[in-house]
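Quick notes on the structure that follows.
For clarity, every value in this text was computed on a predicted model and none was experimentally measured. When a ligand or atom number is given, it counts from 1 through the structure's own listing order. What's counted below: heavy atoms across the whole structure, side chains too, no hydrogens, waters or symmetry copies.
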Amino acid sequence: MSLRLPDTGAEVLSDGRRMVPSAARNAAPILQVLQEEAPARGVMLEIASGSGLHAALFAAALPGLDWQPTDADPGTFASIRAWAATSTGRIAAPRPLDATSPGWAADWPGCAAVLLVNLLHLIPQAAAAVVLHEISRALAPQGVAFLYGPFLRDGQATSPGDAAFDASLRAQDSTIGYKDLGWVTAQLQAAGLSMQPREMPANNLMLVCRK
Ligand SMILES: C[S@@+](CC[C@H](N)C(=O)[O-])C[C@H]1O[C@@H](n2cnc3c(N)ncnc32)[C@H](O)[C@@H]1O
């Protein structure tokens, strides 16, 4: 099903780039974490790239990384390509990847890093478990995964706005919604990853996960 999200209907520029307000807003704080914690070299597998805005900005600012944008929806690829064309970063052509499909990591071995922004709250919990376990399998030894988004803490939303957004997601599909930080932490641990949460603007978290 296609969800109604705050960014649904984002503007498309004449060169094909989708302008997604939330991605533009969170780009700087996410980049700061990547600059502090990402490896200097290797493949950065970006899951759920969406518009491609993040790929363009982040790959340019992290020039040692080979950026691999992916998304489950090939309809995103025109915008990802258009954004990549504006970037000085090393960005490969976008490839299809359904991160909830068990076993996908076998096709993506040895990634130095993985970035996932704003997907876990949009998929069912069992699917999120697959995503987290496959990310661990895709990482090279000492690889780092960056998981950004909104989370429940001890089962509670962190603001009225988050509670309302979570409720709107669950109203559209009762199987989706914010995941609890404790549950995510347990999944990561079971997948062999240590995790350090970093507070981000607007009550979001960046989970920095090391293999
Ligand atoms: C809210 S957008 C986030 C896009 C981008 N990361 C950002 O922050 O702007 C969610 C994206 O996840 C993609 N997506 C949905 N289900 C997916 C899945 N199972 N595997 C990979 N990507 C998926 C959608 O096509 C969409 O591009």
- Query: Are a donor atom and an acceptor atom from the side chains of Asp73 and Thr76 found within less than 3.5 Å of each other?
  - Reply: no

- Message: Run the side-chain hydrogen bond (donor to acceptor under 3.5 Å, both in side chains) test against His133 and tell me which residues pass, sequence neighbours left out.
- Response: Gln187

- Task: Determine whether Leu115 and Tyr148 make a side-chain contact, defined as any pair of heavy atoms from C-beta on separated by less than 4.5 Å.
- Result: no

Just the distances, no angles: every ligand 1 N or O to protein N or O pair closer than 3.5 Å, one line each.
residue, atom, partner, partner atom, Å
ligand 1, 6 (N), Ala48, O, 2.7
ligand 1, 6 (N), Val117, O, 2.9
ligand 1, 19 (N), Asp98, OD1, 2.8
ligand 1, 20 (N), Ala99, N, 3.0
ligand 1, 22 (N), Ala72, N, 3.4
ligand 1, 25 (O), Asp71, OD1, 2.6
ligand 1, 27 (O), Asp71, OD2, 2.7

- Sequence neighbours excluded - side chain to side chain donor-acceptor pair (under 3.5 Å) pairs with any residue from residues 115-127: none

Give the table of side-chain donor-acceptor pairs shorter than 3.5 Å for residues 48-60, with sequence neighbours excluded, one pair per line with atom names and distance.
residue, atom, partner, partner atom, Å
Ser49, OG, Glu46, OE1, 3.0
Ser49, OG, Thr70, N, 3.1
Ser49, OG, Thr70, O, 3.0
Ser51, OG, Leu53, N, 3.1
His54, NE2, Ala23, O, 3.0
His54, NE2, Asn26, OD1, 2.7

- Specify the closest pair of heavy atoms between Ala128 and Lys179, including all atoms of both residues, with the distance to one decimal. CB-CE, 4.0 Å

